[in-house]
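Encoded as structure tokens, the structure appears first; notes follow it.
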Amino acid sequence: MVTHFQQACYDLLKQIPAGKVTTYAEIAHALGGKAYRAVGTAMNKNPNPVIVPCHRVVNSDGRLGQYAFGCERKQHLLESEGVRVVDGKVQDFEQLRFRFN
DNA sequence: CTCATGACTTTTT
DNA sequence: AAAAAAGCCATGA
């Protein structure tokens, strides 16, 4: 089942263009709170991996973080979109970072 | 309602 | 700098 909170997260994710990334904290704040932990939980339950680009969500320090289908898969997906990743960390993270309106 | 848990973040050792 | 602890919050039992 999909809760309202989860749906909100997915809607935000769908706004992120390819080649860009965001953080759990960013999403949580966009939702008006600090539920960054809950955001991760929502991603883990990701119902449609294709429609929702949950691989574009990384930790606040630029690290990749976890991924339901394996963190390696996450890294390759990002690299195939043009995001350079070195030793589990996003390069030029601050620049590639997408900001919500 | 209360309790435990986790794709997190920040502070303190 | 690196590791541990504390703080956070939605979700499911």
Side-chain angles (χ1 to χ4, degrees):
Chain A
M1 131 173 220
V2 181
T3 69
H4 172 57
F5 181 80
Q6 294 174 271
Q7 191 57 61
C9 292
Y10 305 144
D11 287 338
L12 285 176
L13 283 193
K14 287 187 290 190
Q15 295 177 48
I16 304 178
K20 294 265 182 176
V21 297
T22 189
T23 69
Y24 297 93
E26 190 73 45
I27 295 176
H29 195 261
L31 294 181
K34 338 171 205 174
Y36 21 73
R37 204 76 179 280
V39 172
T41 303
M43 299 296 97
N44 189 29
K45 295 177 181 173
N46 182 9
N48 13 10
V50 184
I51 310 203
V52 180
C54 41
H55 58 279
R56 297 182 192 149
V57 186
V58 300
N59 291 11
S60 64
D61 57 356
R63 274 184 159 52
L64 286 195
Q66 296 305 307
Y67 190 61
F69 298 86
C71 47
E72 293 186 19
R73 185 63 191 283
K74 182 171 184 176
Q75 175 174 332
H76 287 310
L77 281 172
L78 287 174
E79 294 185 315
S80 65
E81 289 185 347
V83 179
R84 296 179 305 165
V85 180
V86 177
D87 191 41
K89 310 173 205 85
V90 176
Q91 299 301 293
D92 302 320
F93 162 62
E94 288 296 336
Q95 305 179 62
L96 296 177
R97 186 176 162 173
F98 175 78
R99 313 273 181 173
F100 294 103
N101 299 317

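Each chain gets a letter, A, B and so on, in the order its sequence line appears, and its residues count up from 1.
- Rounded to a whole Å, the NZ atom of K74(A) is 11 Å from the C1' atom of dC8(B).
- With rounding to whole Å, Y10(A) atom OH is found 13 Å from dA7(B) atom P.
- Rounded to a whole Å, the NZ atom of K45(A) is 15 Å from the C1' atom of dC8(B).
- For S60(A), a side-chain nitrogen or oxygen approaches OP1 or OP2 of dT10(B) to under 4.0 Å.
- The interatomic distance linking R63(A) (CZ) with dA3(C) (P) rounds to 10 Å, in whole Å.
- When heavy atoms are screened at a 4.0 angstrom cut-off, C54(A) is found touching base atoms of the nucleic acid.
- Distance D61(A) CG to dA2(C) P: 13 Å, rounded to the nearest Å.
- Closest to the F5(A) side chain, of the nucleotides dC9(C), dT11(C), dA7(B), is dT11(C).
- With contacts defined as side-chain heavy-atom distances shorter than 4.5 Å, the pair F100(A)/T22(A) qualifies.
- We find that OH of Y67(A) is positioned 10 Å from C1' of dA7(B), with the value rounded to whole Å.
- For the pair E26(A) CD and dC8(B) P, the interatomic distance rounds to 16 Å; values are reported in whole Å.
- In this pair, F69(A) and Y67(A) present their aromatic rings tilted. The plane angle is within the 30 to 60° band.
- Remark: of the listed residues V85(A), N59(A), D87(A), V85(A) is the sole one forming a side-chain contact (heavy atoms from CB on, under 4.5 Å) with L64(A).
- Contact check, N46(A) against dA7(B): no side-chain N or O comes under 4.0 Å of OP1 or OP2.
- Proximity of N46(A) to N48(A): side-chain heavy atoms (C-beta onward) are separated by under 4.5 Å at one or more points.
- At whole-Å resolution of the value, CD in Q66(A) and P in dT9(B) are 12 Å apart.
- Counting distance only, with no hydrogens placed and no angle test, the side-chain atoms of Y24(A) and the base atoms of dA7(B) include a donor-acceptor pair under 3.5 Å.
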- Message: Let's test your reading of the pairing rules: Watson-Crick or G-U wobble, both distances under 3.5 Å, then write DNA chain C as a dot-bracket string with ( ), [ ], | and dots.
- Response: .||||||.|||||
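- Electrostatic pairing of R99(A) and E94(A) counts as a salt bridge here, judged by a charged N lying under 4.0 Å from a carboxylate O.
- Between K34(A) and dA10(C) there is no side-chain N or O to OP1 or OP2 distance below 4.0 Å.
- Where R37(A) and A42(A) each meet DNA chain C at their nearest nucleotide, the meeting point lying more 5' is that of R37(A).
- Y10(A) has its side chain within reach of P47(A): a pair of non-hydrogen atoms, C-beta onward, lies under 4.5 Å apart.
- Here N59(A) reaches the OP1 or OP2 of dC8(B): one of its side-chain N or O atoms lies under 4.0 Å away.
- Nearest-nucleotide assignment on DNA chain C puts the 5′-proximal partner with A35(A), out of M1(A) and A35(A).
- Residues L13(A) and M43(A) are in side-chain contact: their nearest non-hydrogen atoms beyond the backbone lie under 4.5 Å apart.
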